[in-house]
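Computed from a predicted model, the values in this text were never measured in an experiment. Below, chains carry the letters A, B, ... as their sequence lines are ordered, and counting in each starts from 1.
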2 protein chains.
Amino acid sequence: MATGRTHRPATRSRGIPEATVARLPLYLRALTALSERSVPTVSSEELAAAAGVNSAKLRKDFSYLGSYGTRGVGYDVEYLVYQISRELGLTQDWPVVIVGIGNLGAALANYGGFASRGFRVAALIDADPAMTGKPVAGLPVRHTDDLESIIRDNGVSIGVIATPAGAAQQVCDRLVAAGVTSILNFAPTVLSVPDGVDVRKVDLSIELQILAFHEQRKAGEEPGRPAAPAGPVAAAARPAAAPAAPTAPTTSATGSAAAVTAATAGGRKGPEGDVPAVMPA
Amino acid sequence: MATGRTHRPATRSRGIPEATVARLPLYLRALTALSERSVPTVSSEELAAAAGVNSAKLRKDFSYLGSYGTRGVGYDVEYLVYQISRELGLTQDWPVVIVGIGNLGAALANYGGFASRGFRVAALIDADPAMTGKPVAGLPVRHTDDLESIIRDNGVSIGVIATPAGAAQQVCDRLVAAGVTSILNFAPTVLSVPDGVDVRKVDLSIELQILAFHEQRKAGEEPGRPAAPAGPVAAAARPAAAPAAPTAPTTSATGSAAAVTAATAGGRKGPEGDVPAVMPA
DNA sequence: TTGTGTGAAATCATTCACAGCG
DNA sequence: CGCTGTGAATGATTTCACACAA
């Protein structure tokens with residue numbers, strides 16, 4: 001954090017690690033599926049497999065919430081669904097607005113996963129007058145002029161920004177001024193917000209770039225294979241040919257594709273996760 | 001990274017931490033913006049601000065790539081753009097396919113951020129025969145029957161899954177069998193893939209749930225404010241009323257909204273990030 | 001003098017491994 | 001006896017703080 005205040009040790013207890021919070025929705029989804037199949041109890045091993053994590057991590061995560069399991073037996077599915085829902089704040093109904101009803105905004109409006117949890121799309125907002133009134137996902141698109149009143153009338157505290165990058169900060173400012181304190185940003189920009197406002201960012205292009213990084217490494221390994229079955233088409237440098245270093249720096253790390261070797265070879269990844277690409281701020 | 005096999009210390013060197021890899025695209029975007037404004041050099045402080053991280057982190061990140069800066073001056077923008085692009089594998093051209101051309105798939109197809117980096121949408125694929133041949137974002141939608149030949153003919157190694165959850169695993173299996181080794185999954189399911197295949201997951205509903213968690217906490221603080229200006233509408237429990245615990249467990253953590261207090265009060269978070277919600281596997 | 005590059009320290013997260021409850 | 005809950009060990013990431021190059 002921004003040195004913000006060097007807060008004390010987070011008041012001891014009641015402090016659930018962010019990494020754990022980020023996994024709770026995963027567990028919740030797996031549990032919901034079990035619940036629908038009327039499965040009464042699960043072991044940490046089973047649930048972990050369904051959620052795609054390992055059981056030690058899952059048990060540790062749950063230990064932050066309390067002792068909701070039964071030793072020698074496992075966890076009561078219904079009970080755990082409720083506890084996690086409550087912890088995440090999903091026993092409340094959260095009205096959200098989506099600003100920017102282009103392709104992505106429309107997709108979000110139609111996305112079923114919102115309503116199935118505690119989220120309700122209170123309004124769709126777009127700056128284009130031609131869009132105003134048009135029904136999208138059963139809701140008439142409202143004009144940006146009404147943004148403030150929509151926020152206040154519906155008690156909205158969560159906003160989703162799906163506008164072009166250029167409009168995002170301005171929309172963000174208006175949302176915040178009107179009372180929104182959590183923002184999910186799909187626009188490829190860094191938003192600046194006052195203290196107390198949370199921003200999470202989803203960036204499709206970033207996700208692909210991270211995949212490309214790992215993909216690139218795979219090309220430089222494969223000890224005894226006939227060369228990669230698929231791969232990038234052209235290896236030509238793209239915009240300009242490698243600009244020369246300002247003053248010919250060390251450049252110790254030449255790192256051609258063949259230099260990698262061991263990093264990703266052999267049994268690369270198990271079902272475990274590492275670092276993500278969606279982040280606050 | 002996926003640690004795969006308790007590998008040794010990642011071969012020493014050539015091992016860029018995952019957390020760093022995940023931030024490189026961020027730096028790249030900020031640098032690209034500077035480049036377009038013809039800014040010749042930046043300091044770590046300036047670039048860090050533009051990317052939304054702190055400068056110590058940025059310098060440490062860059063130190064894994066090599067020494068590309070000039071002490072007392074800063075970094076050459078063009079040179080750094082090139083170095084990061086190369087490190088991420090963006091000096092190559094990556095053909096991708098998008099499977100599932102619903103609202104989201106269409107939004108992705110139209111998303112400009114792909115082409116602007118090294119990504120090229122090689123094909124759009126959908127299982128609905130009614131969609132076949134329809135132009136979306138300037139490309140005719142192809143039928144799922146042709147998936148394998150499309151992958152092979154175009155040398156595709158990265159696939160994007162935007163199908164309903166029920167179809168995702170099957171699509172994934174076919175992509176992998178055809179040679180795809182990196183998958184970006186938008187379907188709300190845990191995909192299982194063989195070793196050597198990377199999966200990244202983007203889940204909109206999970207992002208909102210994480211925001212809701214933090215939003216909920218904010219309600220329980222605000223020392224001297226007139227109560228939150230906006231918030232959840234109904235506080236009623238949602239599906240069933242709190243299921244009783246199997247055998248009445250400890251339930252020490254009652255955690256009503258008012259119990260939080262200090263956690264988010266005061267200067268909560270600065271522009272610094274914590275934990276994300278998009279993860280591999 | 002300025003701002004990079006980096007060891008060392010501090011923090012956070014994951015994994016291990018096992019005591020002990022049902 | 002099986003499986004949870006959790007201290008302790010390990011590993012990864014962030015932050016500090018400062019030597020040193022330009």
Expressed in angstrom and rounded to an integer, what is the separation of B/Glu18 atom CD from D/dT14 atom P? 12 Å
Sequence neighbours excluded, which residues qualify as side-chain contact (heavy atoms from CB on, under 4.5 Å) partners of A/Ala50? A/Ala30
Can you list the residues that meet the ring pair (Phe, Tyr, Trp, His ring centres under 6.0 Å) rule with A/Phe213, with sequence neighbours excluded? none
Tell me every residue that passes side chain to side chain donor-acceptor pair (under 3.5 Å) with A/Ser205, counting only those two or more places apart in sequence or in another chain. A/Gln209
Can you tell me if B/Lys57 touches the phosphate of D/dT15, counting only side-chain N or O atoms and a distance under 4.0 Å to OP1 or OP2? yes
Partners meeting side-chain contact (heavy atoms from CB on, under 4.5 Å) with A/Ala33 (sequence neighbours left out): none
Separation of D/dC3 C1' from A/Glu46 CD (nearest whole Å): 11 Å
Output yes when at least one side-chain N/O atom of A/Asn54 is less than 4.0 Å from OP1 or OP2 of C/dT14, else no. no
Rounded distance in Å - CG (B/Leu65) to P (C/dT6): 11 Å
Does A/Ser44 have any side-chain contact (heavy atoms from CB on, under 4.5 Å) partners at least two apart in sequence or in another chain, and if so, which? A/Ser55, A/Leu58, A/Arg59, A/Tyr75
Ring centroids only, cut at 6.0 angstrom: are A/Phe62 and A/Tyr68 within range, meaning strictly under it? no
What is the distance from CG of B/Leu58 to P of C/dG5, rounded to the nearest Å? 10 Å
Show the distances under 3.5 angstrom between N or O atoms of the protein and N or O atoms of nucleotides 4-6 of chain D.
from: D/dT4; atom 1: OP1; to: A/Ser44; atom 2: N; distance (Å): 2.6
from: D/dT4; atom 1: OP2; to: A/Ser44; atom 2: OG; distance (Å): 2.6
from: D/dT4; atom 1: O2; to: A/Arg71; atom 2: NH1; distance (Å): 3.2
from: D/dG5; atom 1: OP1; to: A/Tyr68; atom 2: N; distance (Å): 3.4
from: D/dG5; atom 1: OP1; to: A/Gly69; atom 2: N; distance (Å): 2.9
from: D/dG5; atom 1: OP2; to: A/Tyr75; atom 2: OH; distance (Å): 2.8
from: D/dG5; atom 1: O4'; to: A/Arg71; atom 2: NH2; distance (Å): 3.0
from: D/dG5; atom 1: N7; to: A/Arg59; atom 2: NE; distance (Å): 2.9
from: D/dG5; atom 1: O6; to: A/Arg59; atom 2: NE; distance (Å): 3.4
from: D/dG5; atom 1: O6; to: A/Arg59; atom 2: NH2; distance (Å): 3.1

